[in-house]
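Positions are given from 1 along the sequence. All values below were derived from every heavy atom in this structure, side-chain atoms included, with hydrogens, water molecules and symmetry-related copies excluded.
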Amino acid sequence: PSLHRRFVSAVHGDDPEALEESFLELYAHLHLHEAPYTSDERRSMDAAGGYWCHAGGISPVVRAGRWVRPATVSADLGAGNGLQLLLLQRLHPHRLSVQVEISSGAVGMGRRLQEWLAIPAERGRWGVTDLMSADLPDADLLYLYRPVRPDGRGADFYRRLAGHLQRRRDETVILSIADCLAGFLDDSFGEIYGDGHLTCYRRPGVEPA
C-alpha cells in the first residue's frame, strides 16, 4: 500500500524523476522478486535450465501496444504472476491473455492481481504446467523471457515452439527478452526491433492455400 500511495502521489506531483522511481519500485514489487516454487517445481525448472521469475521491464509492454487489437490473443510462456500481460490488458484491452506458468503459487497471486487491476475474468486464462510438456497456445502476440536455456532439453522446447509458430496462418508478433529464439525461427519471421535486451519478431499473416 505504501508503494502504491507513493506512486499516486508522484503522479499528481511535478517531479518526473520521483515519478519514474516510484513507478519502478511498485512494478518490481508487483512482479515478485522471488517466485514461490515448490520443491518439485524447482526441480523441473532446474532440469530445463529455467529462468527464475526475473522482471522483464516495461519496454515490452510499451512496444506491444501497437500490435494489439480487440480480437488479439496474447500469451506469456513462463508468466510468473502474469504482470506483463495484465499490464498490457489494462492498457490495451483485448480478447484473451493466456498465462502459462509452472508455479501454482505465482498463478494464485496472478489471479488476485488480475482482480485488483479490475480485468474481467474472461480475459485471462491461466495454466499451471511445465513448459516442456505444455500445450502451446495459438497466440497473435507472444511474450517470453528466456523460460529455458536454448540447449539440451531447452533446445527441444524452442524447436517445438518455432514449429508451432511457423504453422500458424495468422499474423504473429513475438517479444522476446534475452532472446533464445534466434536460430530456431525460419525466415518467414523478420526481426523488427532489437536493443540487446528485447528482440521483436513479426510474421505477417499467410493467406489460406
Side-chain angles (χ1 to χ4, degrees), residues 1-8 10-11 19-37 41 45 50-131 134-147 161 172-178 193 197-200:
S2 61
L3 291 175
H4 183 241
R5 286 195 298 270
R6 182 183 173 198
F7 171 64
V8 172
V11 167
L19 175 59
E20 180 181 11
E21 181 180 347
S22 64
F23 171 77
L24 292 176
E25 286 183 348
L26 179 60
Y27 169 81
H29 174 74
L30 292 174
H31 200 288
L32 297 178
H33 292 291
E34 294 185 9
Y37 299 113
E41 291 166 353
M45 288 279 289
Y51 213 12
W52 287 17
C53 198
H54 290 265
I58 201 66
S59 174
V61 178
V62 173
R63 290 195 170 273
R66 73 195 69 184
W67 303 108
V68 177
R69 304 291 182 269
T72 292
V73 175
S74 60
D76 186 344
L77 303 181
N81 67 2
L83 179 63
Q84 299 293 78
L85 292 191
L86 291 175
L87 290 176
L88 190 62
Q89 274 283 7
R90 186 66 184 174
L91 292 170
H92 306 282
H94 51 283
R95 182 161 70 90
L96 180 66
S97 291
V98 181
Q99 310 267 21
V100 183
E101 168 59 38
I102 195 172
S103 169
S104 55
V107 167
M109 294 178 184
R111 291 181 185 276
R112 294 192 293 275
L113 188 57
Q114 180 176 345
E115 292 182 9
W116 182 66
L117 290 170
I119 296 170
E122 64 271 16
R123 291 188 183 271
R125 180 195 302 161
W126 299 84
V128 180
T129 185
D130 186 343
L131 285 179
D135 291 333
L136 297 173
D138 287 323
D140 312 303
L141 187 144
L142 175 67
Y143 172 81
L144 65 165
Y145 185 164
R146 192 189 182 275
L161 176 60
T172 303
V173 174
I174 304 168
L175 299 100
S176 179
I177 297 289
Y193 177 79
H197 177 64
L198 170 65
T199 305
C200 301

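- Side-chain contact check for Q114 versus Q89: every heavy-atom pair is 4.5 Å or farther apart.
- A 4.5 Å side-chain heavy-atom check between L88 and L141 finds at least one atom pair inside the cut-off.
- Contact between I119 and L86 at its shortest, heavy atoms only, is CD1-O, 3.3 Å.
- Residue L83 holds its CG atom at 7.5 Å from CD1 of I58, rounded to the nearest 0.5 Å.
- Here the side chains of D76 and Y145 are not in contact, with every heavy-atom distance at 4.5 Å or above.
- Looking at heavy atoms from C-beta onward, L161 lies out of side-chain contact with L131 at the 4.5 angstrom threshold.
- Listed here is the closest heavy atom pair of V128 and I102: CG1-O, 3.7 Å.
- Side-chain N or O atoms of Q99 include none that pairs as donor or acceptor with a backbone N or O of A79 at under 3.5 Å.
- Expressed to the nearest 0.5 Å, how far CZ of R95 lies from CD of E122 amounts to 12.0 Å.
- Between the R123 side chain and the H94 main chain, a donor and an acceptor come within less than 3.5 Å of each other.
- L198 places a side-chain heavy atom less than 4.5 Å from the side chain of Y193.
- Atom CG of L85 is separated from atom CZ of R90 by 15.5 Å, given to the nearest 0.5 angstrom.
- Atom CG of L142 is separated from atom CG of L77 by 5.0 Å, given to the nearest 0.5 angstrom.
- Contact between P60 and L175 at its shortest, heavy atoms only, is O-CD2, 3.5 Å.
- With hydrogens and angles left out, the side-chain atoms of S97 and S74 include a donor and acceptor closer than 3.5 Å.
- Across all their heavy atoms, A134 and V100 have their closest contact at CB-CG1, 4.3 Å.
- Separating the CD atom in E101 from the CG atom in D130 is a distance of 10.0 Å, to the nearest 0.5 Å.
- Among all heavy-atom pairs drawn from P137 and V98, the shortest one is CB-CG1, 4.0 Å.
- Atom CD1 of I174 sits about 10.5 Å away from atom OG1 of T199, to the nearest 0.5 Å.
- The side-chain heavy atoms of H197 and I177, taken from C-beta on, include a pair separated by under 4.5 Å.
- Of the possible donor and acceptor atoms, none in the side chain of N81 sits under 3.5 Å from a partner among the backbone N and O of A106.
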